[in-house]
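Right, one structure below, let's go through it.
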Amino acid sequence: MAKFCKEPSRTFSEYLLIPGYTDENCTPDNVNLRTPLVKFKKGEEPALHLNIPMVSAIMQAVSGEEMACALAREGGVSFIYGSQSIESQAAMVAKVKATKSGFTGSDSNISPEATLKDVIELKKKTGHSTMAVTENGEADGKLVGIVTSRDYRVSRMDLDTKVKEFMTPFDKLIVGKEDITLSEANDLIWDHKLNQLPVVDDKQRLKAFVFRKDYASHKENPNELLDDQKRYIVGAGINTRDYQERVPALVKAGVDVLCIDSSEGYSCWQAKTLQWIRDTYGDRVKVGAGNVVDEEGFRFLAEAGADFIKVGIGGGSICITREQKGIGRGQATATLEVAQARDKYFEETGVYIPICSDGGIVHDYHITLALAFGADFVMLGRYFARFKEAPNNLVSVNGNYMKEYWGEGSARARNWQRYDVGGEGKMSFVEGVDSYVPYAGTLHENVGLTLSKVSHTMCNCGCLTIPDLQKNAKVTLVSSTSIVEGGAHDVVVRDESFDAKPQ
Ligand code: RVP
């Protein structure tokens, strides 16, 4: 007969936090959301940490280069999706690592022989009004000038005018040398009243621009997650099939942390992948594994050498694994049991392995609950797919702006390695859907608001750090009738359509 888990399988929406004592020191400004990303020994610091407890899902619709830079700027990490060729995934990682904080690579390059008409078209395509004029019109060409919107007036000039006739030529430009620091670049910008500073190498090739507006925003991001060369920290997903080729390519591209991306991680395939990485790189390459939902699964991956362990099966917003295969566990119950296993393992071995609650975060307070249940950080797909920086399309559906969001197990992504159970068989049925999510604007605005809610709740619970919340949070189950009580009830909520129109 089957073994039965005593506890029912529960989700975050079935719980609430009960406030603890808040003293005058316990204010949102004093909350510290720093959390470990990879395992560490008692008394030591982890080799990698996050400044906010959020990472973006290993999905085609979520984690590309732009998302990775935007999230690292806030203090989190993106895991660039692995369901693409090794070359294109490594190129994405390399692009993130080439984006030094405050330095912007140019994707608007034009030749001096091009025309004003070409300039207008390029601006429409990239959205950028500053263009590098290079000898061959390519990114790696010699810089011969720049064009900004101050250099031309469409209403007064012939569209066939050549770029070389109206650009600001190189000899009139103030430029920075390749090894310039961000603050030196900023001094030049201020001293010469510039809007942008081109940075060139010794062969006069453009390496980056530093924009006046970006320097200001860099100052606004104290949580930026950077490596020792001031480059953004970035992760990448791998699978248990082509790791011997994929991992070296990602490591060469400069990836900081890997994660085996699978819907079900309690398998010999994950152990073999971890073993190969340890044999090849020792502890130098950091790699997470998963997903698991109980103590047994956690132990297995911990002993196999995972640097962090991901929790959750079937809770993702686009996931139909539970319906299709009948496997999975409520996200709250799974997180709690794995966190208890993590603590037990720490007591026994002195090694702390961070756990990540992956999928099923619907409301911002679910993040706080996941942390209270013992997660060190959370992975989100739907949440990030709504933002401008996600690599998915923005479309209009019935007059509403939506972003496309599809599961890795959907017919659209066809990421069969994620659902791999060995053998030659490829996906014969889907485990995910293709969907829309409402467009929500920029990552910066949304993450700021979400974390403000997390910090306020932590203060209500009397906790200033995540370890403090994990240890001291008080949690209660809610009844279905008390859920009704939690929303606006027994009133007619006013909105524009209801309000009487003034006469
Ligand atoms: P959510 O944040 O609820 O959208 O969930 C995202 C998570 O769902 C991913 O991190 C992954 O674990 C899981 N996922 C991705 N694709 C699929 C699928 O097609 N079933 N599931």
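As the structure lists them, so they are numbered: ligands from 1, and atoms in each ligand from 1. None of the values given here were measured: they were computed from a predicted structure.
Of the listed residues (E408, M379, M59, R418), the one carrying the non-hydrogen atom nearest atom 11 (C) of ligand 1 is R418. For the residues G237, S83, S317, the heavy atom positioned nearest atom 3 (O) of ligand 1 is part of S317. Residue nearest to atom 10 (O) of ligand 1, selected from I320, V311, D358, N291: D358 (by heavy-atom distance).
Using modelled atom types and a 3.5 Å distance limit, the side chains of H363 and S13 yield no donor-acceptor pair.
Y405 counts as a contact of ligand 1, since one of its heavy atoms falls under 4.0 Å from the ligand. Residue Y419 places a heavy atom under 4.0 Å from ligand 1.
S455 is not listed as a side-chain neighbour of S452, based on a closest heavy-atom distance of 4.5 Å or more. With contacts defined as side-chain heavy-atom distances shorter than 4.5 Å, the pair Y345/F298 qualifies.
Atoms of ligand 1 lying under 4.0 Å from any heavy atom of C319, numbered from 1 in the order shown and given with element: 20 (N), 21 (N). Under a 4.0 Å criterion applied to the non-hydrogen atoms of I318, ligand 1 contributes the atoms 8 (O), 14 (N), 15 (C), 16 (N), 17 (C), 21 (N). Numbered from 1 in the order shown, with element, the atoms of ligand 1 that lie under 4.0 Å from a heavy atom of R382 read 1 (P), 2 (O), 4 (O). Shown in contact with L380 at under 4.0 Å from a heavy atom are these atoms of ligand 1, numbered in order with element: 2 (O).
The distance between the ring centers of F308 and F377 falls below 6.0 angstrom.
Ligand 1 has a nitrogen or oxygen under 3.5 angstrom from a nitrogen or oxygen of G409. Annotation: G316 places no N or O atom under 3.5 Å from an N or O atom of ligand 1; distance criterion only. Residue-to-ligand polar distances place G360 within reach of ligand 1: an N/O pair is separated by less than 3.5 Å. At under 3.5 Å, not a single nitrogen or oxygen of T321, backbone or side chain, sits near a nitrogen or oxygen of ligand 1. The shortest N or O to N or O distance between K310 and ligand 1 is not below 3.5 Å.
Screening R342, K41, K42 against Y352 for a side chain to side chain donor-acceptor pair (under 3.5 Å) leaves a single residue, R342. Tested against D256, the residues R284, K286, K97 include a single salt bridge (Lys or Arg N to Asp or Glu O under 4.0 Å) partner, K97.
The single protein non-hydrogen atom nearest to atom 20 (N) of ligand 1 is E431 O, 2.7 Å, given as residue, atom name and distance. Protein heavy atom at the shortest distance from atom 2 (O) of ligand 1 is G381 N, 2.7 Å.
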Show every donor-acceptor pair shorter than 3.5 Å between a side-chain atom in residues 309-322 and any protein atom, with sequence neighbours excluded, or say none if there are none.
from, atom 1, to, atom 2, distance (Å)
K310, NZ, N291, OD1, 3.2
K310, NZ, D358, OD2, 2.8
T321, OG1, E431, OE1, 2.7
R322, NE, I313, O, 3.1
R322, NE, G314, O, 3.3
R322, NH2, I313, O, 3.1
R322, NH2, R329, O, 2.7

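Note: F300 and Y266 have tilted aromatic rings, judged against thresholds of 30 and 60 degrees for the angle between ring planes.
Listed by chain and residue number, D242 satisfy the salt bridge (charged side-chain N to carboxylate O under 4.0 Å, His left out) test with R246 (two or more places apart in sequence, or in another chain).
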Checking salt bridge (Lys or Arg N to Asp or Glu O under 4.0 Å) for the pair E44/K39: CA distance, chi angles, key distance, verdict?
CA-CA 10 Å; E44 292 180 1; K39 71 182 172 194; over 6 Å; no
